[in-house]
2 protein chains.
Amino acid sequence: MTPHATVVESLRQEGYRLTPQRMMILDIINDSVSHMSAEEIHQKVRERYPFVNISTVYRTLNLLKRLRLISETDLGEGYVRYELLERERHHHLVCRRCGESFALEHDFLKPLQLRLLKKYGFAADLDHFAIFGLCQRCRSGEGTAAAGKEGQHGAD
Amino acid sequence: MTPHATVVESLRQEGYRLTPQRMMILDIINDSVSHMSAEEIHQKVRERYPFVNISTVYRTLNLLKRLRLISETDLGEGYVRYELLERERHHHLVCRRCGESFALEHDFLKPLQLRLLKKYGFAADLDHFAIFGLCQRCRSGEGTAAAGKEGQHGAD
DNA sequence: ATGCATGCAAATTGTTTGCACTTCA
DNA sequence: TGAAGTGCAAACAATTTGCATGCAT
């Protein structure tokens with residue numbers, strides 16, 4: 001599948017070249033069901049064409065990020081995940097105890113976004129947020145305490 | 001100034017030792033006006049007692065974080081900042097273009113926190129959030145584009 | 001042709017860890 | 001006295017960068 005036309009056009013319009021590497025990386029991100037890490041993207045790209053360097057992946061990711069074509073999300077895993085911004089907005093509730101991650105509809109954050117815009121004229125990038133806390137199960141004491149990461153991490 | 005009694009007691013009650021290093025680190029965090037990086041804390045501590053190692057700082061910070069006595073905030077600077085959780089909650093709006101940071105009262109996030117609790121039973125750690133976006137000035141085109149960090153970064 | 005893009009390897013950097021020594025409870 | 005805490009240095013791992021080469025426009 002080819003990257004959605006808008007992404008490609010965004011690149012061209014800004015004067016960036018559409019190299020095979022960038023195409024492949026875009027393809028991968030576009031095809032993926034969920035958000036991927038740089039390493040995962042690199043692996044996938046190499047399955048098709050083994051000579052793409054990880055630094056190229058990072059450089060492309062940074063470019064797309066700067067152009068706001070992809071979002072960057074820190075789920076507290078020690079690396080960040082990327083995803084096309086075209087996708088339907090969604091967010092995550094991440095339990096700091098058991099590590100479980102729950103989806104959160106974007107509508108949940110819309111009021112906040114709107115208030116920030118109205119009161120401060122601040123256009124928040126609430127594209128793909130991660131909110132840390134304690135899930136219901138862990139709160140009620142029966143937490144599995146599996147892969148719990150401590151602390152409050154970033155939303156992208 | 002001595003760390004607030006509650007913090008000290010929290011430590012003791014959990015069975016942790018109250019070593020001079022931990023005291024000093026707590027003092028520093030407590031005295032500081034704003035949130036500090038691990039490196040800054042280390043520097044300050046060394047002004048008083050030059051033999052405290054950076055790894056001890058990190059270990060102490062992680063301990064306090066685990067006990068939820070301090071918050072960890074990622075302002076997109078490449079390192080995280082720490083702060084006593086006793087403090088009055090506040091958050092940040094960080095402009096991705098000019099890098100400027102604006103304070104945001106906690107009341108702004110309370111509705112979200114409440115809704116997450118009610119609907120999902122999820123107790124969000126909305127202690128010290130950072131929300132990235134475009135500030136009013138930059139939106140109106142007169143952005144200074146000073147230290148702009150690209151991408152969407154985490155709240156702590 | 002010419003400057004943007006890539007590959008490669010080395011560097012960076014915040015943070016963590018292993019281990020021996022120390023010290024508090 | 002014995003586990004918890006510390007110092008030190010080395011390890012880590014994700015990401016970035018310098019530079020020579022290559023390719024798109």
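Quick note on labels: first sequence line is chain A, next is B, and so on, each numbered from 1.
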- Item | Donor-acceptor pair between A:Gln43 and A:Glu39 side chains, under 3.5 angstrom | yes
- Message: Looking at B:Asn53, I'd like to know whether one of its side-chain N or O atoms comes within less than 4.0 Å of OP1 or OP2 on D:dT6.
- Response: no
- Item | Gap between atoms CE and C1', on A:Met23 and C:dT6 respectively (whole Å) | 17 Å
- Task: Specify the separation, in whole Å, of atom CZ of B:Arg12 and atom P of D:dG5.
- Result: 12 Å
- Indicate whether OP1 or OP2 belonging to C:dT16 is found under 4.0 Å from a side-chain N or O atom of B:Asn62. yes
- Item | Between C1' of C:dT16 and CG of B:Leu61, the distance in whole Å | 13 Å
- Message: Let me spell it out: for each of B:Glu39 and B:Pro20, pick the nucleotide of DNA chain C with the closest heavy atom. Which residue's pick is nearer the 5' end?
- Response: B:Glu39
- Message: Does C:dT6 have its OP1 or OP2 closer than 4.0 Å to a side-chain nitrogen or oxygen of A:Thr19?
- Response: yes
- Separation of D:dG5 atom P from B:Tyr49 atom OH, nearest Å, is 17 Å
- Task: For B:Ser101 and B:His92, test the side chains for any donor-to-acceptor distance below 3.5 angstrom and give the result as yes or no.
- Result: yes
- Message: Is the phosphate of D:dT16 approached by A:Tyr58 (side-chain N or O, under 4.0 Å from OP1 or OP2)?
- Response: no
- Message: Using OP1 and OP2 only, check whether a side-chain N or O of B:Gln21 sits under 4.0 Å from C:dT23.
- Response: no
- Please give, in whole Å, the distance from D:dT6 C1' to B:Ile25 CD1? 10 Å
- Task: Starting from P on D:dA4, measure out to CZ on B:Arg22 and report it in whole angstrom.
- Result: 11 Å
- Return no unless some side-chain N or O of B:Ser55 is found under 4.0 Å from OP1 or OP2 of C:dT17. no
- Does B:Arg59 have a side-chain nitrogen or oxygen under 4.0 Å from the phosphate oxygens OP1 or OP2 of C:dT15? no
- Message: What contact category does A:Leu18 fall into here, base, sugar-phosphate, or nothing, at under 4.0 angstrom with non-hydrogen atoms?
- Response: sugar-phosphate
- Query: Is there a side-chain polar atom (N or O) of A:Thr56 under 4.0 Å from OP1 or OP2 of C:dG7?
  - Reply: yes
- Distance, rounded to the nearest Å, where A:Tyr79 contributes OH and C:dT15 contributes P: 19 Å
- Query: How close or far is atom P of D:dA14 from atom NE2 of A:His42, stated in whole angstroms?
  - Reply: 13 Å
- Query: Are B:Arg115 and A:Phe108 in a cation-pi contact, defined as NZ or CZ under 6.0 Å from the six-membered ring centre and within 45° of the axis?
  - Reply: yes
- Message: Tell me whether the side-chain N/O atoms of B:Arg17 come closer than 4.0 Å to OP1 or OP2 in C:dT23.
- Response: no
- So, are A:Glu40 and A:Lys44 salt-bridged, with charged N and O less than 4.0 Å apart? no
- Query: Will you find, in the side chains of A:His90 and A:His106, an N or O donor that is under 3.5 Å from an N or O acceptor?
  - Reply: no
